[in-house]
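These notes concern the structure reproduced below.
Please read these numbers as outputs of a predicted model, since none were measured by experiment. Side chains included, hydrogens not; waters and symmetry mates left out as well; all remaining heavy atoms used.
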Amino acid sequence: MSEKATLNLDGKPYEFPVITGTENEKGIDIGKLRAQTGYVTFDEGYKNTGATSSGITFLNGEKGILRYRGYAIEDLAEKSSFTEVMYLLLYGELPTAEELRKFENQLTQHTLVHEDLVKVFEVFPTGSHPMGQLMTQLSALSSFYPESLNPQKSPDQLNLTIIRLLAKMPTICAMIQKKGKGHPVLYPQNRFDYVSNFLYMTFGNVTEEYTPDPVIVDAMNKLLILHADHEQNCSTSTVRIVGSSHANLYASIAAGVAALWGPRHGGANQEVLEMLEHIRDIDKGDVKKVVAEAKDKKRLLFGFGHRVYKNFDPRAKILKVACDNVLAKLGVNDPLLAIAKELEAAALEDPYFIERKLYPNVDFYSGLIYKAMGFPTPMFTVLFALGRLPGWVSQWKELRGKNEDIGRPRQIYTGPTLRPFVAIKERK
Ligand code: SDX
């Protein structure tokens with residue numbers, strides 16, 4: 001017999017079905033609540049609201065668990081590659097060697113962007129934020145590929161629209177960095193794999209041969225895998241709600257980039273670096289003062305806290321080790337790392353943070369690795385978007401595949417009740 005939840009309203013009992021997921025998560029299906037009771041639920045920030053059912057990523061915030069299609073993030077970060085994880089997220093299974101080769105070859109064939117897209121960079125003022133440029137370029141893709149406006153026309157059309165986006169994203173991201181430096185852009189080289197190609201286009205230059213350092217290629221794969229999906233976070237929910245209006249994929253992803261830009265979300269990785277530099281330069285390394293100010297709500301400790309993880313973010317654990325390894329292998333001795341570790345230790349032993357379950361999140365260490373690799377701080381959230389892209393696309397594809405209803409939440413109105421219109425000459 002299926003489980004039910006009973007709600008007593010105005011002395012009358014109402015029953016609602018309980019749904020149970022494959023990891024035994026339970027939800028009360030209130031799909032008929034308003035029709036039966038006239039009530040809506042109220043849940044600002046959707047802290048208790050399941051917006052959809054999804055088979056892509058599983059999080060357990062209390063236990064610090066993260067899995068993509070059932071595979072533990074620790075295994076994927078250690079043993080997989082970013083293109084293999086892309087395939088897993090998109091198609092639901094780890095690819096065979098032949099399937100992966102074909103997928104990677106498809107990506108390689110679509111890495112170039114239209115030359116007129118390169119011209120779009122000329123309108124950006126020097127120093128304009130890379131995330132604003134990325135949003136513009138991604139929405140512009142729908143102009144260069146009008147067939148993407150109707151991606152559901154056929155499975156092949158949908159797959160080509162997806163492949164084009166995944167393949168061109170590294171090219172666009174690398175161009176943003178190159179243009180930011182006033183350097184000539186480098187075109188993708190088919191001899192490189194996906195991540196090496198991105199590093200070549202970003203750090204190579206026209207004056208000499210460039211082969212990406214294997215240490216950086218490995219670290220970049222790991223960083224992109226760790227950022228690849230994270231169930232219904234703010235930017236993914238944005239992609240899904242825009243997709244639910246049947247907007248095209250490129251417009252939906254551009255909306256996700258907009259949401260990710262926020263400092264409370266993906267923009268935090270840039271904020272963390274700037275916070276650590278502030279602690280070094282302005283606070284003179286006084287971490288205790290910084291923690292005290294955070295407790296007085298005078299400042300946020302960027303890179304700490306999470307809506308779901310009320311234990312260590314498993315990605316932060318992996319990135320903390322990777323940060324030590326990459327900086328050591330690159331021979332980078334960054335005093336900001338010592339400040340980060342001191343800040344983490346101070347926060348983790350302070351009752352304020354312990355009570356609120358504020359642990360380092362994915363953004364706390366990632367920026368230190370990006371900096372050691374040579375990325376300028378404003379590029380950090382672009383790198384988050386590069387990693388999150390296959391997750392956004394997979395979630396969008398899942399929603400469209402289920403033909404979910406358009407997302408349209410209700411509200412509780414708190415404005416003025418009905419009042420008569422007053423002609424302007426009578427207004428005081
Ligand atoms: C990402 O959702 C995802 O999955 C996101 C993400 C992904 O992969 O997509 O994991 C990526 O966005 C990670 C989060 C990056 N953001 C930051 O590092 C910014 C700093 N963190 C905070 O803005 C905050 O922790 C949030 C937004 C991440 C979570 O906010 P919540 O869950 O709404 O928690 P809250 O704001 O209600 O805070 C609870 C308490 C409050 O204090 P009290 O009112 O109870 O006294 O904790 C305090 C907050 O003031 N608090 C912090 C804090 N975060 C929360 N105090 C100091 N520093 C912080 N970072």
Problem set entry | Whether His227 and Phe384 hold their rings parallel, tilted or perpendicular, with breakpoints at 30° and 60° | perpendicular
Exercise. Are any non-hydrogen side-chain atoms of Val382 and Tyr370 less than 4.5 angstrom apart?
Worked result: no
Would you tabulate the side-chain donor-acceptor contacts of residues 59-67 under 3.5 Å, counting partners in other chains and residues two or more places apart, or write 'none'?
unit_1 : atom_1 : unit_2 : atom_2 : d
Asn60  : OD1    : Glu62  : N      : 3.0
Asn60  : OD1    : Lys63  : N      : 2.8
Arg67  : NH1    : Glu23  : OE2    : 2.7

Problem set entry | Arg191 atom CZ, over 12 foreign heavy atoms within 6.0 Å | yes
Exercise. More than 12 non-hydrogen atoms from neighbouring residues, nucleotides or ligands closer than 6.0 Å to OH on Tyr352, yes or no?
Worked result: yes
For this session: Considering non-hydrogen atoms only, spot the tightest contact between Phe203 and Met373 and give its length.
Result: CZ-O, 3.4 Å
Exercise. Looking only at side chains, do Arg240 and Thr52 share a donor and an acceptor under 3.5 Å apart?
Worked result: yes
Seminar exercise, completed: Between the SG atom in Cys234 and the CZ atom in Arg264, the distance rounded to the nearest 0.5 Å is 9.0 Å
Problem set entry | Gap between atom CG of Leu330 and atom CG of Asp213 - 0.5 Å precision | 6.0 Å
For this session: Would you check if the distance from the ring center of Phe304 to the ring center of Phe364 is below 6.0 Å?
Result: yes
Problem set entry | Leu138 side chain near Met169 side chain, heavy-atom distance below 4.5 Å | yes
For this session: Indicate yes or no for a side-chain donor-acceptor contact from Asn361 to the backbone of Tyr359 under 3.5 Å, with no hydrogens or angles considered.
Result: no
Exercise. Do Leu223 and Ser366 come close enough that some side-chain heavy atom pair is under 4.5 Å?
Worked result: yes
For this session: Please indicate whether Glu44 has more than 12 foreign heavy atoms, meaning atoms of other residues, nucleotides or ligands, lying under 6.0 Å from its CD.
Result: no
Exercise. Just checking, any donor-acceptor pair under 3.5 angstrom between side chains of Ser244 and Asp405?
Worked result: no
Problem set entry | Over 12 non-hydrogen atoms of neighbours within 6.0 angstrom of CD in Glu78 | no
Exercise. Any idea which heavy atoms bring Pro263 and Phe302 closest together, and the distance?
Worked result: O-CE2, 3.6 Å
Exercise. So do the side chains of Asn105 and Gln109 get within less than 4.5 Å of each other, counting heavy atoms only?
Worked result: yes
Seminar exercise, completed: Shortest non-hydrogen pair, Gln106 vs His110, comes out as O-CD2, 3.2 Å
Problem set entry | Side chain Ser128, main chain Pro125, donor-acceptor under 3.5 Å | yes
Problem set entry | Residue list, side chain to side chain contact (heavy atoms under 4.5 Å, CB included) with Val113, at least two apart or on another chain | Leu117, Val118, Lys168, Thr171, Ile172, Met175
For this session: Please confirm whether the backbone N or O of His306 pairs with a side-chain atom of Lys310, one donor and one acceptor, at under 3.5 Å?
Result: yes
Exercise. Among Tyr194, Tyr87, Phe82, which residue meets the ring-ring contact (aromatic ring centres under 6.0 Å, His included) test with Phe103?
Worked result: Tyr87
For this session: Kindly indicate whether the side chain of Pro170, heavy atoms from C-beta on, has any atom under 4.5 Å from the side chain of Leu386.
Result: yes
Exercise. Centroid-to-centroid, His230 to Tyr309, below 6.0 Å?
Worked result: yes
